[in-house]
Number of protein chains: 2
Amino acid sequence: MHARVPSIGRAAIVPDSAHRDTAVPMIPKQPAPDRTDPLDDIDRKILTILQQDGRLSGADIGRQVNLSQPAVSARIQRLERQGVIKGYTAVVDPTQVGLTIHAVIRLRTTHARIPEALALFRDLPELTTAYRLTGEDCFLLDIHTPDTATLQRVVDTVGRLGPASTSLVLDTYERKPLPLPQ
Amino acid sequence: MHARVPSIGRAAIVPDSAHRDTAVPMIPKQPAPDRTDPLDDIDRKILTILQQDGRLSGADIGRQVNLSQPAVSARIQRLERQGVIKGYTAVVDPTQVGLTIHAVIRLRTTHARIPEALALFRDLPELTTAYRLTGEDCFLLDIHTPDTATLQRVVDTVGRLGPASTSLVLDTYERKPLPLPQ
DNA sequence: CTTGAAATCTCCGAACA
DNA sequence: TGTTCGGAGATTTCAAG
């Protein structure tokens, strides 16, 4: 009936800041109330393994971390509940689905136009990731299009927000697992 | 014994160009031998669904695309075999694992030092993605560190390759599924 | 956390439209 | 290509220890 593992949905185009509380007390809280338990070595191993293959079973992971399957499953559920694992995704090769053009756009806009920019991003399917950066009110946009004509349309659209400079991505080098500290 | 779904491994820090043939005939091939069958609407739906939840079962997906489980499984296997689906991964929240600093570095180096740069990238765990860009021999680097001290070390290391400018990522807006064309 | 059993769930293959 | 129907196997869940 339902998936083997409960889905962890994530809305598209939602700023991380929306997940944080807006009202913050001015008095410092002494022990810094980390709302998530600290991860131990086994948690980090599990996360590394799941980043490399998001469909491994608890038993398979258990063999790699010397833990029983129920123990692993319990940890994974806890990591999902805490939001450490935000979800699972299939990694699709853009070039294989007709998205031959990969580009990044650096956008320089004013503070006042940021809400307008976010609204515009929402209606740009070709935009897969937008970074809000320090320095000169800048956005960095990740764009995938099937052809240069579509890219041109995107560039023109984004350019209305301010000065934008576009670069094509010639090659991509990726490292799967994050460098989990401690 | 083994995973329900065969893992599709992907080595860390491997350029996409390494997957392409190096020897290319100079004579044009007339029909443009796309080595992968064109995707139909159902394939695209399946890919979109699997990008949103990489652990859904064939039966679950079948309900969404009005197809039987064996038909869906066969399509997914074909997509994996063709390399359209490169793998599956758990999405981990960097801030939740102690990676509080997210930065991008624009690196300007010379053509001759590109191999050196790639070798250096290989030994930088904090570097999760490197884009080779058009214009001024540029790389765009995605960096995650637990603190500013580590970021400084990364910036200094990368800076040896050429002029580098670093920006902090203040917020991230992401759209999960790629905009599959056609 | 571990073990062990039960209950699902998942994929696979055969027969067929 | 597709569907339906079983069966074999794997996975999670839940019980105790």
Side-chain angles (χ1 to χ4, degrees), chain A residues 1-9 36-92 96-97 180 182, chain B residues 1-9 34-92 180 182:
Chain A
M1 184 57 175
H2 43 265
R4 187 166 48 95
V5 163
S7 309
I8 304 179
T36 113
D37 321 337
L39 308 176
D40 63 15
D41 289 323
I42 295 180
D43 287 327
R44 281 186 283 272
K45 273 188 193 172
I46 291 174
L47 290 173
T48 301
I49 292 169
L50 277 177
Q51 283 178 276
Q52 292 164 319
D53 186 346
R55 301 193 73 157
L56 281 183
S57 69
D60 274 320
I61 297 172
R63 270 182 283 279
Q64 300 188 45
V65 301
N66 295 317
L67 228 58
S68 69
Q69 175 268 320
V72 172
S73 293
R75 281 171 180 265
I76 293 175
Q77 285 183 1
R78 177 175 53 79
L79 293 169
E80 292 170 346
R81 202 171 345 108
Q82 290 177 169
V84 180
I85 297 175
K86 294 197 291 186
Y88 301 87
T89 179
V91 181
V92 172
Q96 295 271 38
V97 294
L180 306 186
Q182 272 192 27
Chain B
M1 183 56 174
H2 43 264
R4 187 168 47 93
V5 165
S7 309
I8 304 180
D34 283 339
R35 46 173 285 276
T36 113
D37 321 336
L39 308 175
D40 62 16
D41 290 324
I42 295 180
D43 287 327
R44 281 187 282 272
K45 272 188 192 171
I46 291 174
L47 289 174
T48 300
I49 292 168
L50 277 178
Q51 282 178 276
Q52 290 164 319
D53 185 345
R55 300 194 74 157
L56 282 182
S57 68
D60 273 320
I61 298 173
R63 271 181 283 277
Q64 300 189 46
V65 301
N66 295 318
L67 229 58
S68 69
Q69 174 267 317
V72 172
S73 293
R75 281 171 179 266
I76 293 175
Q77 286 182 2
R78 177 173 53 79
L79 293 169
E80 291 171 346
R81 203 169 347 108
Q82 290 177 166
V84 179
I85 296 175
K86 293 197 291 185
Y88 301 88
T89 178
V91 181
V92 172
L180 306 186
Q182 272 193 28

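Everything numeric in this text was worked out from a predicted model, so none of it was measured. Residue numbers start from 1 in every chain, and the chains themselves are labelled A, B, ... in the order their sequence lines are given, proteins ahead of strands. Computation of the quantities below employed the complete heavy-atom set of this structure, encompassing side-chain atoms and omitting hydrogens, waters and symmetry-equivalent molecules.
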With side chains defined as the heavy atoms from C-beta onward, is the minimum distance between [X] and [Y] less than 4.5 Å?
X        : Y         : value
Leu39(B) : Gln182(B) : no
Asp40(B) : Arg75(B)  : yes
Asp43(A) : Val84(A)  : no

Next on the checklist: Can you tell me which residue among Leu50(B), Ile85(B), Thr89(B) is in a side chain to side chain contact (heavy atoms under 4.5 Å, CB included) with Val91(A)?
Outcome noted: Thr89(B)
Which nucleotide sits closest to the side chain of [X]: [options]?
X        : options                  : value
Asp60(A) : dG2(D), dT10(C), dT11(D) : dT11(D)
Ser57(B) : dT10(C), dC12(C), dT3(D) : dT10(C)
Pro70(A) : dC12(C), dT13(D), dT3(D) : dT13(D)
Gln69(A) : dT12(D), dG2(D), dC1(C)  : dT12(D)
Ala71(A) : dT2(C), dG2(D), dT12(D)  : dT2(C)

Check the distance between [N]'s [atom2] and [X]'s [atom1] and give it to me in whole angstrom.
X        : N       : atom1 : atom2 : answer
Asp41(A) : dC1(C)  : CG    : C1'   : 17 Å
Ile76(B) : dC12(C) : CD1   : P     : 10 Å
Asn66(B) : dT1(D)  : CG    : C1'   : 16 Å
Asp43(A) : dC1(C)  : CG    : P     : 9 Å
Ile61(B) : dT3(D)  : CD1   : P     : 14 Å
Leu50(B) : dT10(C) : CG    : C1'   : 15 Å
Arg78(A) : dT12(D) : CZ    : P     : 17 Å

Next on the checklist: Rounded at 0.5 Å granularity, tell me how far CD in Gln64(A) sits from NZ in Lys45(A).
Outcome noted: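 Reported to 0.5 Å precision, the distance equals 9.5 Å.
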Would you say [X] reaches [N]'s phosphate, i.e. side-chain N/O to OP1/OP2 under 4.0 Å?
X        : N       : answer
Arg75(B) : dG2(D)  : yes
Gln77(B) : dC12(C) : yes
Arg55(B) : dT10(C) : no
Ser68(A) : dC1(C)  : no

